[in-house]
Amino acid sequence: MNVFKPGFWTTTMTLNEEHVDLDDVWRKLGIRGKYQLVQAGLLLLTLLPEAIQLIVVVFIGYRPSYQCANVSSTDVLPYTGQYSNTSVDISYHECRVDLAFNDTNTTILSLTPCPAGYTYSLEKDRTFVTEVIHINAYVQYDLVCGGAERAELSQTLLIVGQMVGAAILPQCSDRFGRKPILVCSNIALLVAGLGGCFLPTFTGFAIMRFIIGIFQQGLAMVMPAMMLELFPAEVRYMVEVASLTTWTSSMVVVTPVAYFLKDVSWRYLYLVLTLTSAFSIFGYWIYNESVRWLLANGKTEEAKKILRKAAKMNNVDEKQIMDIVDKVIAVELNAKEGDDIDEKTNMMPEEPINDKRTKNKLPKYTIFTLFKKRRIAMVTTIMIIVWTVDSLTYYGLILSSASLPVNRYLSFFLLTIAEYPVVLFEFTLMNRIGRKRFSIMFHAIAAISLLAGTVANYFSDMPGANIAIMIFFFLGKLGITGSFSCLFLFTPEIYPTNLRTIGMGLPSAAGRIGGMLAPFAGPLAEQVKWAPGAIFGGLCVIVTLVLPLLPETMGHELPTQGRGP
């Protein structure tokens, strides 16, 4: 049974028997007002560099087929001295060279690492795995065989950076404002991306990837909150529809760019893709602070200034907007104080959002605030579980998809366009059946498809099994995409303004653990090919069973701020 009531965060604000809330401001400005659409469009632009920096390693860190380079007589002379009167047969492998000496008895010596380096199916400057550069002397990285773990280090550091960013930047956003964190994070992606392009050493590149991971989470956590705070309850689901469309399109567009630049150095490809963040240098002037955050933190005049600008852009009477804002503020100032949720109404009492006497007494929220009360601690714990499972499954399916019978550009392209149907489902269903039911449904689709794929894998020798595996694979990808995407709307809707990005940041940080485990899906599949699908499917079943304990947020005003969960 659901232990929460739908409005457990929200205070109903009544003035002279008239219901008033901040959503009414946006309704009066026009749900599709020019101001909101412009700001939303600019916010959606941040998804392009955010997505690119996450997936670019698929192309610039690609490990092509390789083997040891041909050895010369000088390379093998130290090993052939005692067999100088015999012929030598040389065979080349990925990480060793075998020498077979034909005398009375055949003797085999394996030379490892490869004495003369490696040869690749690509030119050596096409990925950082194979790159050769010169720093004072000839340097060849060859991040294969014994050095393969260094190639994986860059992606591991990115995920570690995401954990750090998700743990720190949301708190900064809730305390210092959405805009500063958004703008600084976007600029940091540009600077760190350029550093990764031009720094000559792999160590420098890996450090830049760690920095990118930190600030990628600044965008990932703040942008959804700012988008949601621009619109009233009835159209908030469209925020996630637009975000998923932009996210998928950002990944889709990378494929042709990478394909057309496949004959140049990886550094040029990375530079072109990194420059998608160039607009960030204008971020201070093009983005406005969240009105909800300003009001929740006593910055009323700044909020009114932005709303006057919005009224002018939308050709709406400014006085009518200010009247609504004043009513909301008046109700908040007269709201009854309390330190806990009212057990009868299950609602959270609000803090005053404007008054010089209380301006400096606003509570300071941290991650620990999420665990002070049993109910919100339960919500947060469930969200941590769901984010971890979804991150593991989503990225695990991507990273274990190399077995598709097409080349790497086409396979990646097909995997990304497979997410487009989810956009249609979100548009038609999310505001009809609710966030909770939508998430349950798509987790169930993922669970059933992946478990069915596991069974098909077990009988892979039977006719038609491979076709069935492909069908279940894409259905599983569709299901986990829908459920993962829903989290970016569902999670911030649950928490009040001053806890919103913290409440989203902690589960997202925990989700990075799933991201760190995802690369092991490929090696596990090589040992036990049915195991990844069974693990992913089983975890999705567990999530499907715990999701009913969460509150439904559809149709409810975004909670402004509470005295504390």
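If you're wondering where the values come from, they're calculated on a predicted model, not measured in any experiment.
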For [X] against [Y], the heavy-atom pair lying closest together:
{"X": "L478", "Y": "P421", "result": "CD1-CB, 3.9 Å"}
{"X": "L219", "Y": "L182", "result": "CD2-O, 3.6 Å"}
{"X": "T393", "Y": "C540", "result": "OG1-SG, 4.2 Å"}
{"X": "S280", "Y": "V183", "result": "O-CG1, 4.5 Å"}
{"X": "T428", "Y": "R432", "result": "O-CD, 3.0 Å"}
{"X": "L43", "Y": "M223", "result": "O-CG, 3.5 Å"}

Within the side chain of [X], is there an N or O that forms a donor-acceptor pair under 3.5 Å with the backbone of [Y]?
{"X": "S391", "Y": "T388", "result": "no"}
{"X": "Y35", "Y": "K309", "result": "no"}
{"X": "E302", "Y": "L295", "result": "no"}
{"X": "S439", "Y": "R435", "result": "no"}
{"X": "K179", "Y": "Y284", "result": "yes"}
{"X": "S173", "Y": "L169", "result": "no"}

With the side chain counted from C-beta on, respond yes when [X] and [Y] share a heavy-atom pair under 4.5 Å apart, and no when they do not.
{"X": "V254", "Y": "V56", "result": "no"}
{"X": "V291", "Y": "V25", "result": "no"}
{"X": "Q216", "Y": "Q162", "result": "yes"}
{"X": "T481", "Y": "K477", "result": "yes"}
{"X": "V379", "Y": "P551", "result": "yes"}
{"X": "K312", "Y": "R308", "result": "no"}
{"X": "M313", "Y": "L29", "result": "no"}
{"X": "Q217", "Y": "V164", "result": "no"}

Would you please indicate if the ring centroids of F128 and Y270 are separated by under 6.0 Å?
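Centroid distance F128-Y270: not below 6.0 Å, so no.
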
Straight-line distance of [X] [atom1] to [Y] [atom2], nearest 0.5 Å:
{"X": "D24", "Y": "W26", "atom1": "CG", "atom2": "CH2", "value": "12.5 Å"}
{"X": "I60", "Y": "L271", "atom1": "CD1", "atom2": "CG", "value": "11.5 Å"}
{"X": "T248", "Y": "E419", "atom1": "OG1", "atom2": "CD", "value": "4.5 Å"}
{"X": "S249", "Y": "Y420", "atom1": "OG", "atom2": "OH", "value": "3.0 Å"}
{"X": "R209", "Y": "Q53", "atom1": "CZ", "atom2": "CD", "value": "6.0 Å"}
{"X": "L48", "Y": "L189", "atom1": "CG", "atom2": "CG", "value": "11.0 Å"}

Does [X], at its [atom1] atom, have more than 12 non-hydrogen atoms belonging to other residues, nucleotides or ligands within less than 6.0 Å?
{"X": "R32", "atom1": "CZ", "value": "no"}
{"X": "F279", "atom1": "CZ", "value": "yes"}
{"X": "K28", "atom1": "NZ", "value": "no"}
{"X": "Y259", "atom1": "OH", "value": "no"}
{"X": "N315", "atom1": "CG", "value": "no"}
{"X": "F371", "atom1": "CZ", "value": "yes"}

Take M251 and L54, measure what side chain to side chain contact (heavy atoms under 4.5 Å, CB included) needs, and give me the verdict at the end.
CA-CA 10 Å; M251 293 197 295; L54 276 182; over 6 Å; no

Give the C-alpha distance, both sets of side-chain angles, the deciding distance and a yes or no for side chain to side chain contact (heavy atoms under 4.5 Å, CB included) between F205 and R267.
CA-CA 11 Å; F205 173 79; R267 293 180 183 272; over 6 Å; no

Under the side-chain contact (heavy atoms from CB on, under 4.5 Å) test against L294, which residue among E289, K305, E301 passes?
E289

Does the pair E426 and F438 meet the rule for a side chain to side chain contact (heavy atoms under 4.5 Å, CB included), with working shown?
CA-CA 8 Å; E426 286 189 342; F438 186 92; 3.5 Å; yes

Verdict with supporting geometry, E552 and R437, salt bridge (charged side-chain N to carboxylate O under 4.0 Å, His left out)
CA-CA 9 Å; E552 179 57 70; R437 290 182 180 176; over 6 Å; no

Test side chain to side chain contact (heavy atoms under 4.5 Å, CB included) applied to L487 and M383, step by step
CA-CA 9 Å; L487 288 183; M383 280 300 181; 4.3 Å; yes

Would you call E229-R178 a salt bridge at under 4.0 Å N-O?
yes

Taking only Lys NZ, Arg NE, NH1 and NH2, and the carboxylate oxygens of Asp or Glu, determine whether K319 and D323 approach each other closer than 4.0 Å.
yes

Any luck finding a side-chain donor-acceptor pair between S485 and W247 under 3.5 Å?
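No, W247 and S485 have no side-chain donor paired with an acceptor closer than 3.5 Å.
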
